[in-house]
Peer 1: 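What follows is a single structure, and I will ask about it in a moment.
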Amino acid sequence: MTDLEIAKARLYVHKLCLCKNGKVITSDARGIAPMMDLIADGKDLNGYSAADVVVGKAVAMLFVKCGVRAVYAKTLSDSAKDFLVNHGVALEYDTLTPKIINRAGTDICPMEKTVLDCSDVEEAYGLLKIKLASMRNR
């Protein structure tokens with residue numbers, strides 16, 4: 001099995017799975033939190049393959065920042081697809097959607113909205129740190 005196949009196989013019980021050379025990292029947290037926490041912890045994810053339930057542009061940018069080489073998404077936004085393809089990340093998905101909607105179903109996801117007009121992964125990471133901190137402090 002490839003790293004991406006291993007990550008996909010674990011996705012049925014987790015929300016995010018990363019795999020490299022058979023080493024698996026999983027998370028059951030929602031949204032961008034798992035990737036933000038891995039980055040904050042200094043985890044080296046270069047060369048990993050990732051499987052995620054929902055991939056919007058925010059998570060796509062974090063994958064690129066970390067050097068993830070392949071991504072599978074159950075649901076993928078158009079902007080995430082464009083970003084990953086433009087950065088040479090191998091990509092598989094089940095459902096492509098124009099945008100990721102917030103959990104209340106009333107608007108675009110606040111994380112996707114935060115990076116909508118951003119193209120730099122370091123800038124996006126900074127913006128997402130600020131947004132995530134403000135949402136956690138509510």
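Throughout, residue positions are numbered sequentially from 1 according to the sequence presented.
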Peer 1: Does any part of the side chain of Tyr72, heavy atoms only, come nearer than 4.5 Å to the side chain of Val55, both counted from C-beta?
Peer 2: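 SC-SC contact between Val55 and Tyr72 ruled out.
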
Peer 1: Would you give the length of the straight line joining atom CG of Asp78 to atom OG1 of Thr97, rounded to the nearest 0.5 angstrom?
Peer 2: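 The OG1 atom of Thr97 is 7.0 Å from CG of Asp78, to the nearest 0.5 Å.
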
Peer 1: Return yes if some donor-acceptor pair links the side-chain N/O of Lys129 with the main-chain N/O of Ala40 below 3.5 Å, else return no.
Peer 2: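 No, the answer is negative, given that no donor and acceptor are paired below the 3.5 Å cut-off.
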
Peer 1: If you round to the nearest 0.5 Å, how far is OG of Ser49 from CG of Asp3?
Peer 2: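 With rounding to 0.5 Å, CG (Asp3) is 5.0 Å from OG (Ser49).
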
Peer 1: With side-chain contact (heavy atoms from CB on, under 4.5 Å) as the test, would you mind laying out the steps for Ile25 and Leu45 before giving the verdict?
Peer 2: CA-CA 10 Å; Ile25 300 168; Leu45 299 176; 3.8 Å; yes

Peer 1: Give a yes or no on this: more than 12 heavy atoms of other residues, nucleotides or ligands lie within 6.0 Å of atom NZ of Lys8.
Peer 2: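 Yes.
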
Peer 1: Going only through I, L, V, M, F, W and Y residues with side-chain contacts under 4.5 Å, is there a path from Met35 to Val89?
Peer 2: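 The answer is yes; both residues are in one hydrophobic cluster.
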
Peer 1: If you take all heavy atoms of Lys23 and Tyr48, which pair is closest and at what distance?
Peer 2: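 Shortest heavy-atom separation between Lys23 and Tyr48 comes out as CD-OH, 3.5 Å.
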
Peer 1: For the residue pair Asp28 and Val13, what are the closest heavy atoms and their distance?
Peer 2: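 The pair with the smallest heavy-atom distance is OD1-O, 3.5 Å.
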
Peer 1: Counting distance only, does the side-chain N/O of Lys131 pair as donor-acceptor with the main-chain N or O of Pro110 below 3.5 Å?
Peer 2: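 No.
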
Peer 1: Determine the minimum heavy-atom distance between Lys57 and Ser79, stating which atoms define it.
Peer 2: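 Minimum heavy-atom separation between Lys57 and Ser79: CB-OG, 3.4 Å.
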
Peer 1: Do Met135 and Met111 touch side chain to side chain, with heavy atoms closer than 4.5 Å?
Peer 2: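 A side-chain contact under 4.5 Å exists here.
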
Peer 1: If two hydrophobic side chains count as joined below 4.5 Å and joins carry through other members, does Ile32 share a cluster with Ile101?
Peer 2: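 Unlinked, Ile32 and Ile101 end up in two clusters.
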
Peer 1: If we only count heavy atoms from C-beta on, is the Lys43 to Leu18 side-chain gap below 4.5 Å?
Peer 2: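 No, side chains not in contact.
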
Peer 1: Using a 4.5 Å cut-off on heavy atoms from C-beta on, say whether the side chain of Val64 contacts that of Phe83.
Peer 2: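 Yes. Closest side-chain heavy atoms under 4.5 Å.
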
Peer 1: Any link between Leu127 and Met36 through a network of hydrophobic side chains (Ile, Leu, Val, Met, Phe, Trp, Tyr) touching at under 4.5 Å?
Peer 2: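 Different clusters: Leu127 never reaches Met36 through Ile, Leu, Val, Met, Phe, Trp or Tyr contacts under 4.5 Å.
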
Peer 1: Val53 and Lys74: which non-hydrogen atoms are nearest, and at how many Å?
Peer 2: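 Taking every non-hydrogen atom into account, O-CB, 3.2 Å.
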
Peer 1: Check whether any side-chain heavy atom of Val71 sits under 4.5 Å from a side-chain heavy atom of Leu76, and report yes or no.
Peer 2: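 Side chain of Val71 against side chain of Leu76, heavy atoms only: no contact under 4.5 Å found.
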
Peer 1: Please check if Val85 and Tyr93 belong to a single hydrophobic cluster, counting links between Ile, Leu, Val, Met, Phe, Trp and Tyr side chain heavy atoms closer than 4.5 Å.
Peer 2: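 Same hydrophobic cluster.
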
Peer 1: Does any non-hydrogen side-chain atom of Thr2 lie less than 4.5 Å from one of Leu4?
Peer 2: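 Side-chain contact under 4.5 Å: yes.
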
Peer 1: So Arg30 and Arg103, do their side chains get closer than 4.5 Å, heavy atoms only?
Peer 2: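 Side chain of Arg103 against side chain of Arg30, heavy atoms only: contact under 4.5 Å found.
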
Peer 1: Does any N or O in the side chain of Asn102 come within less than 3.5 Å of the main-chain N or O of Ala104, such that one atom is a donor and the other an acceptor?
Peer 2: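 Such a contact is found between Asn102 side chain and Ala104 backbone.
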
Peer 1: Is Leu62 reachable from Leu91 through a run of hydrophobic residues whose side-chain heavy atoms are each under 4.5 Å from the next?
Peer 2: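 Yes; Leu62 is reachable from Leu91 via cluster members.
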
Peer 1: Kindly compute the distance separating CD (Glu123) from CG (Asp117), expressed to the nearest 0.5 Å.
Peer 2: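 Here the rounded value is 10.0 Å.
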
Peer 1: Can you name the nearest heavy-atom pair linking Cys118 to Ala124, along with the distance?
Peer 2: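 Looking at all heavy atoms of both residues, the closest pair is SG-N, 3.7 Å.
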
Peer 1: Looking only at heavy atoms, which two atoms of Ala29 and Pro34 are closest? And how far apart?
Peer 2: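 The pair with the smallest heavy-atom distance is O-CG, 3.5 Å.
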
Peer 1: To the nearest 0.5 Å, what is the distance between CG (Leu128) and CE (Met61)?
Peer 2: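 Here the interatomic distance stands at 8.0 Å.
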
Peer 1: SG/Cys17 to CG/Asp52 distance, rounded to the nearest 0.5 angstrom?
Peer 2: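 Rounded to the nearest 0.5 Å, the SG-CG separation comes to 8.5 Å.
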
Peer 1: Around atom NZ of Lys15, are there more than 12 heavy atoms from other residues, nucleotides or ligands closer than 6.0 Å?
Peer 2: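 Check fails, neighbour count at 12 or below.
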
Peer 1: Rounded to the nearest 0.5 Å, what separates atom CD1 in Ile108 from atom CD1 in Ile100?
Peer 2: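 Here the rounded value is 8.5 Å.
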
